[in-house]
Protein chains: 4
Amino acid sequence: MLIVMNPGATETDIWRVVETIESLGFKAHPMPGSNRTAIGLTGNQGAVDPAPFIELPGVAECVRVTKPYKLVGRDLKHDKSVIRVGEAEIGGDEFAMIAGVCAVESREQAMLTAEVVAEMGCKWFRGGAFKPRTSPYAFQGLAEEGLKILSDVRDEFGLRIVTEAVDEPALDLTEKYADVIQIGTRNMQNFSLLRRAGQARKPVLLKRGMSSTLEEFLLAAEYIMSEGNYQVILCERGVRTFGDHSRFTPDLSVIPAAQRLSHLPIIFDPSHSTGNRETVIPMARAAVAVGADGLLVDVHPYPERALCDGPQALLFDMFRDLVAQARAIAEIVKQHSDAHGAYSTVK
Amino acid sequence: MLIVMNPGATETDIWRVVETIESLGFKAHPMPGSNRTAIGLTGNQGAVDPAPFIELPGVAECVRVTKPYKLVGRDLKHDKSVIRVGEAEIGGDEFAMIAGVCAVESREQAMLTAEVVAEMGCKWFRGGAFKPRTSPYAFQGLAEEGLKILSDVRDEFGLRIVTEAVDEPALDLTEKYADVIQIGTRNMQNFSLLRRAGQARKPVLLKRGMSSTLEEFLLAAEYIMSEGNYQVILCERGVRTFGDHSRFTPDLSVIPAAQRLSHLPIIFDPSHSTGNRETVIPMARAAVAVGADGLLVDVHPYPERALCDGPQALLFDMFRDLVAQARAIAEIVKQHSDAHGAYSTVK
Amino acid sequence: MLIVMNPGATETDIWRVVETIESLGFKAHPMPGSNRTAIGLTGNQGAVDPAPFIELPGVAECVRVTKPYKLVGRDLKHDKSVIRVGEAEIGGDEFAMIAGVCAVESREQAMLTAEVVAEMGCKWFRGGAFKPRTSPYAFQGLAEEGLKILSDVRDEFGLRIVTEAVDEPALDLTEKYADVIQIGTRNMQNFSLLRRAGQARKPVLLKRGMSSTLEEFLLAAEYIMSEGNYQVILCERGVRTFGDHSRFTPDLSVIPAAQRLSHLPIIFDPSHSTGNRETVIPMARAAVAVGADGLLVDVHPYPERALCDGPQALLFDMFRDLVAQARAIAEIVKQHSDAHGAYSTVK
Amino acid sequence: MLIVMNPGATETDIWRVVETIESLGFKAHPMPGSNRTAIGLTGNQGAVDPAPFIELPGVAECVRVTKPYKLVGRDLKHDKSVIRVGEAEIGGDEFAMIAGVCAVESREQAMLTAEVVAEMGCKWFRGGAFKPRTSPYAFQGLAEEGLKILSDVRDEFGLRIVTEAVDEPALDLTEKYADVIQIGTRNMQNFSLLRRAGQARKPVLLKRGMSSTLEEFLLAAEYIMSEGNYQVILCERGVRTFGDHSRFTPDLSVIPAAQRLSHLPIIFDPSHSTGNRETVIPMARAAVAVGADGLLVDVHPYPERALCDGPQALLFDMFRDLVAQARAIAEIVKQHSDAHGAYSTVK
């Protein structure tokens, strides 16, 4: 159930509703919007009686949620969510370019890359310290040593750090060192890890499973939010199909579809979806044009020597060129969205 | 095999190679490029002896083709092919917007739509007179009456007509009335129809099969070209996946991949791939940004009354807005492509 | 609409309903069952008024059909359809083994294979005279010469001939020479060819499209039946997926699903689905066990020299072994089906 | 690398090779076969020098493994692996029927079901105490209470218990209470959980990811084995496709393909793949016929009241019927396999 407050409801009104929800043994999730606050109620089995709420001061209405998710949906929160870390943001006015290395391999490799990322005015750095690898015999990342290098990247360049946690011990460390915790495609339905991420006090970047439906994707985000962490960023990274011209088939149509159903920002990873440097730039441009809130891109100073996914990493000049193109296209999309809100994707 | 002529080879040199090929019982396919002409040889079983060609005047080299296709590939023709009908073109400098009705339902519906298409400065009109329908009991199109209406659209607005041929009798009529003959997704491997289209004297717009690999797609184009019709336009229209948020999953990554392998122009149909008006505009923008040579878009004066695929047809205002956005993004892609040819998609 | 006759309705009663349907400009499709006859009505746009029929002698009820197909469904005809040519049958008590060569390459190759097929007591021979090939440069079949060889196989061994028609001219010839006309997977939605097959006076074996849903498959059969040819055999041949251990992914679950919805028999092609001789026998056994009505199997006297799909052709000894196993398993399935009709697949 | 011992090699010879491997900092995995023992070496980066091994007593040869997996492959162990718990086995002569409840809901529900499973002579019971659910608000299982009920089922009926561990704390408990630890489809690439399962002293039943290739599936098993637990059972449970007549598309072709590459037993889950009781029996028969080593089947005393996946649970009578059919078909497959080993799937 969803309890919608009047525009003029006070903090005290909201607090009383939260208290009433909790006194009944349920969980309350207040979501402030630009006009009004709505409060999601979870933890119930079956329908909840609205009687205890409907007469409370400031309550406008009690709405039954018919979708399988409650907290990720636009019903609860009409305005788009913006994730902010310091001055960096995802889902706000500025297109978010998250760039960096697939795996942190050495201090030098990370620093060289971060320098270019910062020089281009980007605010986010990505880099893997724990790598989920298909083979047990492949390079698995530098672990805590990698996180320390990332931490130094932040200190040196002021970039905000996005890095993947592959399990609960990794999440503990990642929460300590990073700014945004990434959950990878193979863990999109690792429900224990999602719950743990929901208890973290850092935003979570959740990658879509490689054969996940949109509903399953949103329910995975709901797992995180149902634990009280509402700072979730969705990320499309390609799906499994019969196609063999791309490592995965990038599904850009999921971006406007997710934006219609959910208030969460959604970005795109052109590197892991295509697996091929030449296709990264055109697909990245396409994602900006479709209305994505950001990109997650692999760059490498010398990709031919990369320990992981070298063929998809952009060279520095390609990356500089990409940033310029992405900004120009993002500007056009924004102008349109401002002018034609009525039938824009993010209505 | 592929016989590459010297840049200075004369028409007579080329004609002599063609004659020699034909005298051996093979078929010759001369493809002029900006620097040199190459001549494709088909009709052979197994390898062809280069001896009769290598010493002919003007011949630079004889190249064995290792890919399964010969005529669609960049090996034979490095420069991009441009399809021209009067002043309208696809694959050239100007982004091609092919817009119109899914099915021609009446003179009024077609004329109202064409007026808007022409008013926006577009040069191509689409409209179906023969509709391939999943059910034998669904509306199958107005047939020749529809073609006559399309012909009147051309006379009235100067728009060039693209329309589908579903079988050989329809192709005979389409060839007579239309400017470009469309082969639909369900016929991408209707090899007899492809051969017949290869004998037509009009360009052919070939839609990708809904679970076709890129190689199968290019080989379908090769069927058309092997009969002597080199004016082929490829069209991505979505593929079958497990995804349920879009009617088909639009596969934009096939566009740069096709452009790398083939000199043929490739466009995108956002209407049939998404099946949903709201998603058409963002996906159309994305296709322009990825570098597609054009769009094939459904518009309808009153989609709620459409006999076929109403939910995907744009309203007139949405279409006007799309054209403006597409042109702005196409301009950015073109600037980039001109400046950074070295690693652009269309290198 | 569907007009169900009383068990005691006479031929005259049925004839009067048919006449009434046709006098209204519709098409009548009488389907005799073991207890009662039902008459399908097609050709209508929107709902049909039952008034003219309900009072006619022998009419039990008029039923509105809510499914998109009418003639293929169990609503119209509860009993399973059996396709018979002479003593050979598909869908009856005996499991149908249709075996032979992928492509007829020579008289010797066909005759050697047919001898083994006949020796094993099988009644059907398959062989392609027209081959739909992905590349225009691949072997396309012996055409009419191949059909003549197949005709001789029938004369020599008494086997009934199943062969593919790839277009309308091929269908004309196939109808003349063969016993069952096959429509291939790439033509499952070649609606003109389906209509032409619906006018043929021979049974039609319809292969499922490689990414066709069950509903699309049944509607393709409906195209054939709506033209008056009710002798249709469905055939599963594998679907497109991300899987790379099999040429296509054989989808056996479609067999019981089709049998629940439709009275038509359904068989399985283990050769084209797997593309791999070693997997043919286990998958063929599986299809028998799932309750398929027959198999369509490639055999070759010397597969290493085959002009088409050699790696999937069984050697003669493998084929003999397969027949023995298939019969033993078919016997078990039949015993079960007789004993437990209540929840058997074909209820 | 793989070190193959002579047939006459002694325990001491084997022990010396293991010791030499470990002295070099690698891990040794001795795999006894019917004729000879082979010893897998893991933990290396790049190629290993065979010099230290080739002259040791009893060593026949050192083989470089070119496949990405080492321990799951037939190169290391030609004979099929048999997993045994007491008298129950999987991969041996007897077809393994693992039946029970999807989720343990109550003592009564589990006991009623177990009684029927035991009465039919089956030796394995399945039941979920930890349920991975797409929605955070769905029933998640009885946890340790469920494991205690399962333990009582073992005491009461002598059935061996298979149950899923969804994370590491659940695995700790499962290892204590159960006989076989199941890893679910959503965790097939939860590499930390796989490593933990590899340290367990109980066999692991590993379900294929819903869009996993065969190679990824085998590499997931390799993760488990690389930690020293060689008792792994593979399980096919359907893959994601465009098909909508089955919950997932059961891919039986992966069974013979896995058996060719790997010595591990492989079973099939007809319940979760089809999601539909009516299709479970035919698909289960098909899996037996294709050569699967066992089945994993849901049964329920009153499925209309099930808390999880009721529509796919067999009624008791259906289950009894299935066991009879499965045994009859398994007998035929076994006879064939014994007689025609040369080209059987399990050669």
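Labels below follow one simple rule: chain letters A, B, ... track the order of the sequence lines, proteins then strands, and each chain is numbered from 1.
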Is C:Ser262 reaching over with its side chain to a backbone N or O of C:Ala258, donor-acceptor style, under 3.5 angstrom? no
Side chain, backbone, both or neither: which part of C:Leu252 has a non-hydrogen atom closer than 4.5 Å to chain D? both
Salt-bridge test for D:Lys80 and D:Asp293: reply yes if a basic N is under 4.0 Å from a carboxylate O, no otherwise. yes
Tell me, out of C:Thr274, C:Val333, C:Leu315, who's got the most heavy-atom pairs with chain D below 4.5 Å. C:Val333
Can you say whether C:Arg240 sits under 4.5 Å from chain D via the side chain, the backbone, both, or neither, judging by heavy atoms? backbone
Looking at D:Asp309 and D:Arg277, is there a salt bridge between them, counting it only when a charged N and a carboxylate O are closer than 4.0 Å? no
Per-residue contact mode, C:Val239 against chain D (heavy atom under 4.5 angstrom): side chain
Are any of the side-chain heavy atoms of D:Ile281 and D:Met318 separated by less than 4.5 Å? yes
D:Lys70 bridged to D:Asp75 by N-O distance under 4.0 Å: no
Chain C contacts, top residue of D:Thr213, D:Val254, D:Val288, D:Thr249 (heavy-atom pairs, under 4.5 Å): D:Val254
Give, as side chain, backbone, both or neither, the part of D:Ser273 having an atom under 4.5 angstrom from any heavy atom of chain C. neither
Structural part of D:Ala257 lying under 4.5 Å from a heavy atom of chain C: side chain
Residue that, paired with C:Asp269, satisfies side chain to side chain donor-acceptor pair (under 3.5 Å) out of C:Lys207, C:Arg208, C:Arg237: C:Lys207
Under 4.5 Å from any heavy atom of chain C - which part of D:Ile329: both
With a 4.5 angstrom heavy-atom cut-off, which part of C:Thr241 approaches chain D: side chain, backbone, both or neither? side chain
Lys/Arg N to Asp/Glu carboxylate O, D:Lys123 vs D:Glu94, below 4.0 Å: yes
